[in-house]
Amino acid sequence: MPAADPRDRPIAVFDSGVGGLTVLHELLVSLPQEDYLYLGDSARFPYGTRSADELERFGMDIAEELVARRAKLLVVACNSMTAAALPALQRRMLETTLGVDVIGVVKPEAAQAVAVTRSGRIGLLATPATVDSGAYARAVAAVDPHVDLVAVACPDLAPLIQDPPGGELFSQELQEVVRGYCAPLVAAGVDTVILGCTHYPLVRSMLQRMLGRSVTIVTSGAALARQAEHVLGSRGLASPREGEGTYSFLCTGDADTFGALGTRFLQMPLTEVEHVDLSAHSTTTEVSAWPRP
């Protein structure tokens with residue numbers, strides 16, 4: 001098919017670092033025929049303690065870079081970014097030539113959690129920025145105003161998962177941190193817990209042990225993959241390819257560090273990681289289609 005066919009353009013996924021690779025993993029499994037471009041803004045990690053204004057500005061920088069690389073859909077794989085900047089990103093991207101759709105992780109997770117809860121008491125583990133935004137509370141209430149949401153801010157969890165002391169992820173220190181964050185949810189008697197950060201699925205087994213086996217854990221990847229499939233179908237942008245597509249990586253920080261961490265999160269081999277300087281990006285220049293010839 002001609003390179004200019006919009007169906008051949010990649011789905012772009014971005015996050016503050018490598019955590020969003022857990023979302024990319026679900027997309028690769030659910031929509032294997034698509035091409036993907038992932039951008040990790042590791043130079044500005046973590047996002048969880050950033051202000052809403054900062055996050056919106058970062059989101060615009062990233063979106064402009066990915067649209068310049070001719071993305072057909074933007075997936076915001078960061079809960080903090082989704083909570084702070086999704087509406088602004090959606091407005092901006094609909095102004096582009098392609099009218100690029102932007103989807104985020106909050107609403108799909110909230111809808112799934114409401115669908116599976118039996119008691120009507122849902123827990124949320126997320127970064128301070130995500131909890132403070134109230135995005136999950138609004139999303140859950142929009143689906144069912146009679147459901148209670150118990151939110152716990154976890155400022156230390158994502159940094160411990162991304163850069164564990166001594167390089168050992170499943171340490172005693174992490175276990176105690178996880179136990180402390182789970183304690184209020186156990187006390188509240190929730191039967192469903194939303195993992196409101198893309199890093200947290202890496203310690204899902206530990207979380208399940210602390211929460212109890214009767215608690216249903218909801219992650220963003222599978223729900224977001226379904227939404228991506230619906231959006232592409234409604235816009236006529238789904239790839240007609242029958243085989244596997246490609247996936248490629250950009251990061252704003254150190255490419256070698258990103259590559260070393262990334263395989264653990266993606267659970268698949270990483271291709272070469274390209275460093276990108278967002279401050280040098282020009283919105284008037286379109287980069288060659290991805291993957292490049």
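- At a threshold of 4.0 Å, the pair Arg179-Glu176 counts as salt-bridged, since one of the basic side-chain nitrogens sits closer than that to a carboxylate oxygen.
- Screening residues 121-147 for salt bridge (charged side-chain N to carboxylate O under 4.0 Å, His left out) gives Arg121-Asp148 as the qualifying pairs, with residues at least two apart or on separate chains.
- No side-chain heavy atom of Arg69 sits under 4.5 Å from any side-chain heavy atom of Leu39.
- Using modelled atom types, one finds no donor on one side chain facing an acceptor on the other under 3.5 Å when comparing Asn79 with Thr130.
- In this structure, the side chains of Arg50 and Arg44 come closer than 4.5 Å at one or more pairs of heavy atoms.
- The closest donor-acceptor contact from the side chain of Asp191 to the backbone of Ser119 lies under 3.5 Å.
- By the 6.0 Å contact criterion, CD on Glu244 is open, its count of non-hydrogen atoms from other residues, nucleotides or ligands being 12 or less.
- The shortest distance between side-chain heavy atoms of Leu237 and Asp101 does not fall below 4.5 Å.
- Here the side chains of Val18 and Arg264 are not in contact, with every heavy-atom distance at 4.5 Å or above.
- Separating the CG atom in Asp35 from the OG atom in Ser248 is a distance of 7.5 Å, to the nearest 0.5 Å.
- Side-chain atoms of Phe249 and Leu266, non-hydrogen and from C-beta on, do get closer than 4.5 Å to each other.
- Annotation: side chain of Ser220 is not in contact with side chain of Tyr200 (no heavy-atom distance under 4.5 Å).
- A side chain to side chain donor-acceptor pair (under 3.5 Å) with Ser80 holds for exactly one of Thr198, Thr127, Thr49; it is Thr127.
- For residues 40-80, the pairs satisfying ring pair (Phe, Tyr, Trp, His ring centres under 6.0 Å) are Phe45-His199, Tyr47-Phe58, with sequence neighbours left out.
- Here Leu74 contributes atom CG and Leu86 contributes atom CG; the two are 10.0 Å apart, rounded to the nearest 0.5 Å.
- Contact check for Leu125 versus Leu157: no side-chain heavy atoms found under the 4.5 Å cut-off.
- For the side-chain contact (heavy atoms from CB on, under 4.5 Å) test with Phe258, the passing option among Leu250, Thr252, Leu21 is Leu21; the others fail.
- Inter-residue side-chain proximity for Leu37 and Phe14 is flagged as unmet; no heavy-atom pair is nearer than 4.5 Å.
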